[in-house]
Amino acid sequence: MRLTRKVMALAMASTMAVSLTACGGGKAAETTAAPAAAETTAAATEAAKEAETTAAAAEESVAAGGNIGVCIYKFDDAFMTTYRNALQEILEGKGYTVTFMDGKNDQAEQNNQINNFIAQGVDALIINPVMTSAADQIIATVKDADIPTVLINREPTAEQMSAYEKLVYVGCDARQSGTMQGELILETETKGDINGDGKISYIMIQGDPENVDAQYRTEFSVKALTDAGMEVEQLDLQRGDWDRNKGQEIAQNDLAKFGDEIEVVFCNNDDMAIGALQAIQAAGRTVNKDIYLVGVDALDAALNEVAAGNMTGTVLNDANGQAEGAVEAMEALLGGKTYASGEQSIYVDYVKVTPENVADFQ
Ligand code: GAL
């Protein structure tokens, strides 16, 4: 079975025109390749033959399916739920048999799940590590078992990944999302300085600080402000672990403590921003009038709040794009592709979401 998919993926790479998105992948391949075959050159005839082989291999492979193990750091995470659903739809749509495991935010538990998948002989793994610091161990395990692996959402260093050539990371560059959050504030009427005292006073509600997304968003959102020549004052920085309730609690405490001094609430993700919004409204403050609020992810709930003017903006963390990229990379690995050191990270762009363009994302 593994060999069949290998043949298919290799042929896919060489024809480029083949798409397996539709369930009748083989058919699509035949149709797509047909115009090339219509040309009269010997090369075209060769291409047609190749396409037929590809189509046959694809049909066989889709029918046979492959077993894919997916480890998510925890199911109870708003953004990763969207991501998980996207992965499931794409993989099952392509005929794979997929098993998702909930790491429950426990690295030891996830290690067991990875070992179980390996013992079951899965064809490939897609892993969203619980701890970025566990990357070395995870990479050593999948390398030892010789399983093609795509890491998602929590990026290891290039050096760590270089230990295994059948390993790819698909995700986003979190620096970009932080910068965009800062820009959202700079694009407001007062550039974030609502009280006109010459500095932007903010609180930072951080995700899990072990996660590079949290580190970079925290750093680069503020850097965008200072790079633009603005003075900043950090009133508070607290970890909210990506969690809505924690976002609400932190904002509530800070609003009680600092009151009108707070001009900007930076949240490393939308779920915490939605929690912060509850606290802001309960404190009688009005977003975009006497306080600004930004998140990241573009969760449906946040898009609604941006459209309603209750959030200043958010940043699209493209779950569908990343899921597509992860599956594409997985199929390349299954086709025998290996990745050189320094070329193992594949990035999907973030997109700034404001009241002006929010309708495009809803
Ligand atoms: C981030 C996302 C957060 C959370 C986190 C989990 O990219 O913005 O909402 O899902 O990943 O690692």
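In each ligand, atom 1 is the first atom listed, and ligand 1 is the first ligand listed. Everything numeric here is computed off the predicted structure, so don't read it as measured data.
There is a side-chain donor-acceptor pair under 3.5 Å between Ser345 and Glu155.
Qualifying side-chain hydrogen bond (donor to acceptor under 3.5 Å, both in side chains) partners for Gln234, counting only residues two or more places apart in sequence or in other chains: Tyr202. With sequence neighbours left out, the side-chain hydrogen bond (donor to acceptor under 3.5 Å, both in side chains) criterion links Arg154 to no other residue. Looking at residues two or more places apart in sequence or on another chain, you find a side chain to side chain contact (heavy atoms under 4.5 Å, CB included) between Val287 and Leu277, Ile280, Ile291, Leu293, Thr312.
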Show me the short polar-atom pairs for ligand 1: any N or O of it lying under 3.5 Å from a protein N or O, with distances only.
| unit_1 | atom_1 | unit_2 | atom_2 | d |
| --- | --- | --- | --- | --- |
| ligand 1 | 7 (O) | Asn153 | ND2 | 3.3 |
| ligand 1 | 7 (O) | Asp213 | OD2 | 2.6 |
| ligand 1 | 7 (O) | Arg217 | NH2 | 3.3 |
| ligand 1 | 7 (O) | Asn317 | ND2 | 3.2 |
| ligand 1 | 8 (O) | Arg217 | NH1 | 2.8 |
| ligand 1 | 8 (O) | Arg217 | NH2 | 3.4 |
| ligand 1 | 8 (O) | Asp297 | OD1 | 2.6 |
| ligand 1 | 8 (O) | Asp297 | OD2 | 3.3 |
| ligand 1 | 8 (O) | Asn317 | ND2 | 3.4 |
| ligand 1 | 9 (O) | Asn269 | ND2 | 2.9 |
| ligand 1 | 9 (O) | Asp297 | OD2 | 2.6 |
| ligand 1 | 10 (O) | Asp77 | OD1 | 2.8 |
| ligand 1 | 10 (O) | Asp77 | OD2 | 3.2 |
| ligand 1 | 11 (O) | Asn153 | ND2 | 2.9 |
| ligand 1 | 12 (O) | Asn153 | OD1 | 2.6 |
| ligand 1 | 12 (O) | Arg154 | NE | 2.9 |
| ligand 1 | 12 (O) | Arg154 | NH2 | 3.0 |
| ligand 1 | 12 (O) | Asn211 | ND2 | 3.0 |

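Under the 4.5 Å side-chain criterion, counting only non-hydrogen atoms from C-beta, Tyr292 is not in contact with Phe266. Within the 4.5 Å cutoff, the side chain of Gln322 has heavy atoms near those of the Asn317 side chain.
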